[in-house]
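Input: one structure, supplied below.
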Amino acid sequence: MTGIGWLAAIIIGGIAGWLAEQFMKSNMGILMNIILGIVGAIVLNAILMAIVGGTLGGWIGQLIIGFIGACLLIWIARMIRRTT
């Protein structure tokens with residue numbers, strides 16, 4: 001995560017993961033929410049850096065990125081589960 005510490009990344013990741021869980025109507029635990037939020041933010045930040053050359057900064061920017069990234073990860077997991 002850009003410009004924030006580890007504690008902030010965990011807090012933002014947890015919030016982003018929880019919001020994604022609610023939005024996607026998924027049922028996961030708090031640890032999985034944190035992981036989804038952090039990994040989602042990392043993945044989407046990497047994609048944005050490759051395509052645009054920059055990313056959103058600060059708490060709010062990373063919350064938005066984490067939320068979108070977590071939603072994408074939930075969507076991908078559902079698509080994989082359906083095909084197997």
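Because the structure is a prediction, the values reported are computed rather than measured.
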Problem - Q62 side chain vs A41 backbone, donor-acceptor pair below 3.5 Å - result: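 Flag not set: sc Q62 to bb A41 has no pair under 3.5 Å.
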
Exercise for the section: Step through the shown structure and confirm whether more than 12 heavy atoms of other residues, nucleotides or ligands are within 6.0 Å of CD1 on I30. Expected result: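 Atom CD1 in I30 is not crowded, with 12 or fewer foreign heavy atoms closer than 6.0 Å.
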
Exercise for the section: Consider only side-chain heavy atoms of I, L, V, M, F, W and Y, link residues closer than 4.5 Å, and tell whether L44 and M32 are in one cluster. Expected result: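 Hydrophobic grouping puts L44 with M32.
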
Handout entry: Atom pair CE (M79) and CH2 (W75), whose distance is rounded to the nearest 0.5 Å
Key =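 The CH2 atom of W75 is 5.0 Å from CE of M79, to the nearest 0.5 Å.
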
Practice task
Indicate if W59 and L36 have the same hydrophobic cluster label, given that clusters are the connected sets of ILVMFWY residues with side-chain heavy-atom separations under 4.5 angstrom.
Solution key: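 Linked within one cluster.
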
Problem - Which atom of F23 lies closest to which atom of C71, heavy atoms considered - result: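 Taking every non-hydrogen atom into account, CD2-SG, 3.8 Å.
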
Exercise for the section: Find out if a path of hydrophobic residues (ILVMFWY) with successive side-chain heavy-atom gaps under 4.5 Å connects L72 to M49. Expected result: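 No; M49 is not reachable from L72 via cluster members.
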
Handout entry: ILVMFWY cluster, I76 and V39 together (side-chain gap under 4.5 Å)
Key =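 As far as the 4.5 Å side-chain criterion goes, V39 and I76 are connected within one cluster.
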
Practice task
Grab the two heavy atoms, one from A70 and one from A16, that are nearest each other, plus how far apart they are.
Solution key: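 Reported closest heavy-atom pair: CB-O, 4.4 Å.
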
Exercise for the section: Calculate, to the nearest 0.5 Å, the distance between atoms CD1 and CD1 belonging to I42 and I47 respectively. Expected result: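 Rounded to the nearest 0.5 Å, the CD1-CD1 separation comes to 12.0 Å.
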
Handout entry: Distance, nearest 0.5 Å, that separates CD1 of I15 from CG of N33
Key =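 Between I15 CD1 and N33 CG, I get 11.0 Å after rounding to 0.5 Å.
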
Exercise for the section: Grab the two heavy atoms, one from R78 and one from K25, that are nearest each other, plus how far apart they are. Expected result: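 Between these two residues, the closest heavy atoms are NH2-O, 3.4 Å.
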
Handout entry: Linked, directly or transitively: L48 and I51 (ILVMFWY side chains, under 4.5 Å)
Key =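 Yes; I51 is reachable from L48 via cluster members.
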
Problem - Straight-line distance of I12 CD1 to L7 CG, nearest 0.5 Å - result: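 If we round to the nearest 0.5 Å, I12:CD1 and L7:CG are 9.5 Å apart.
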
